[in-house]
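In what follows, a single structure is set out as structure tokens and then discussed.
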Amino acid sequence: MGIQDIIEGKKQWRTHVARVKTLPPDYQIVYKEMQKYLFKVGPIDLADGPLLPGIVDFFEEGAAAGKGVVQLIGTDVAAFCDDLVKDSRTYADVYQESIIGKPGTDDR
């Protein structure tokens, strides 16, 4: 990764954060909770992937339609996030594999 890639990544992140700040306050609170949760258990490519920008897109559409954030995702933020990443390789998967060995192998 070169310096240009790092600079471009920072620009994209700043643009992303600016979009989040334009959301209604309740959406911002939920987004930040989702972000925290996903950084703990989310997919390995979270920072570079389309998930976080996709959530902002979804929230912008919901806010524009006049819906409350709870109407969009329900009351269980973790369950909503888990559903988003259910088919993605997560850090929890990597950790689990490091403890028990690679899938399909028998370390006994």
Side-chain angles (χ1 to χ4, degrees):
M1 175 182 283
I3 190 76
Q4 285 302 111
D5 295 330
I6 294 170
I7 292 169
E8 186 59 34
K10 285 186 175 189
K11 285 180 184 177
Q12 289 175 354
W13 184 252
R14 286 185 185 123
T15 301
H16 175 79
V17 170
R19 287 179 62 203
V20 171
K21 289 180 179 180
T22 65
L23 293 169
D26 57 335
Y27 279 83
Q28 289 183 44
I29 291 167
V30 171
Y31 175 83
K32 288 176 185 173
E33 290 303 313
M34 291 175 74
Q35 183 183 29
K36 277 193 258 183
Y37 182 81
L38 289 169
F39 275 127
K40 287 181 185 174
V41 300
I44 293 171
D45 66 346
L46 181 65
D48 301 327
L51 183 61
L52 293 176
I55 292 170
V56 175
D57 292 341
F58 180 60
F59 279 8
E60 287 172 339
E61 291 170 12
K67 294 181 179 179
V69 70
V70 174
Q71 287 178 280
L72 293 179
I73 70 160
T75 57
D76 191 341
V77 173
F80 183 82
C81 292
D82 287 343
D83 193 46
L84 289 176
V85 299
K86 68 182 175 203
D87 296 325
S88 301
R89 185 169 158 88
T90 66
Y91 288 110
D93 296 332
V94 173
Y95 178 71
Q96 187 71 18
E97 290 167 9
S98 74
I99 292 174
I100 62 171
K102 297 203 183 258
T105 63
D106 190 2
D107 291 340
R108 287 182 255 161

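Side chains are part of it too, since the values below use all heavy atoms of this structure and drop only hydrogens, waters and symmetry mates.
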For Tyr37 and Asp82, run side-chain contact (heavy atoms from CB on, under 4.5 Å): C-alpha distance rounded to whole Å, both residues' side-chain angles, the deciding distance at 0.1 Å, then the answer. CA-CA 9 Å; Tyr37 182 81; Asp82 287 343; 2.6 Å; yes
At what distance, to the nearest 0.5 angstrom, does CD1 of Ile29 lie from CG of Asp26?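 Going from CD1 on Ile29 over to CG on Asp26, the span is 7.0 Å.
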Interatomic distance, Ser88 atom OG to Leu51 atom CG [nearest 0.5 angstrom]: 7.5 Å
Kindly give the heavy-atom pair with the smallest separation between [X] and [Y], and that separation in Å.
{"X": "Pro50", "Y": "Pro53", "result": "O-CD, 3.5 Å"}
{"X": "Gln28", "Y": "Leu23", "result": "NE2-O, 2.6 Å"}
{"X": "Val85", "Y": "Pro43", "result": "CG1-CD, 3.3 Å"}
{"X": "Val94", "Y": "Arg89", "result": "CG2-NH2, 3.5 Å"}

Can you tell if the side chain of [X] reaches within under 4.5 Å of the side chain of [Y], non-hydrogen atoms only?
{"X": "Trp13", "Y": "Leu52", "answer": "yes"}
{"X": "Phe80", "Y": "Leu72", "answer": "no"}
{"X": "Leu84", "Y": "Met34", "answer": "yes"}
{"X": "Gln35", "Y": "Val20", "answer": "no"}

For the side chain of [X] and the backbone of [Y], is there at least one donor-acceptor N/O pair under 3.5 Å apart?
{"X": "Asp93", "Y": "Thr90", "result": "yes"}
{"X": "Tyr27", "Y": "Ala63", "result": "yes"}
{"X": "Gln71", "Y": "Gly68", "result": "yes"}

Verify side-chain contact (heavy atoms from CB on, under 4.5 Å) between Gln12 and His16, making sure each step is shown before the conclusion. CA-CA 6 Å; Gln12 289 175 354; His16 175 79; over 6 Å; no
Passes side-chain contact (heavy atoms from CB on, under 4.5 Å), Phe59 versus Ile73? Steps please. CA-CA 10 Å; Phe59 279 8; Ile73 70 160; 3.9 Å; yes
Test side-chain contact (heavy atoms from CB on, under 4.5 Å) on Leu38 and Ile55; report intermediate values, then the result. CA-CA 12 Å; Leu38 289 169; Ile55 292 170; 3.8 Å; yes
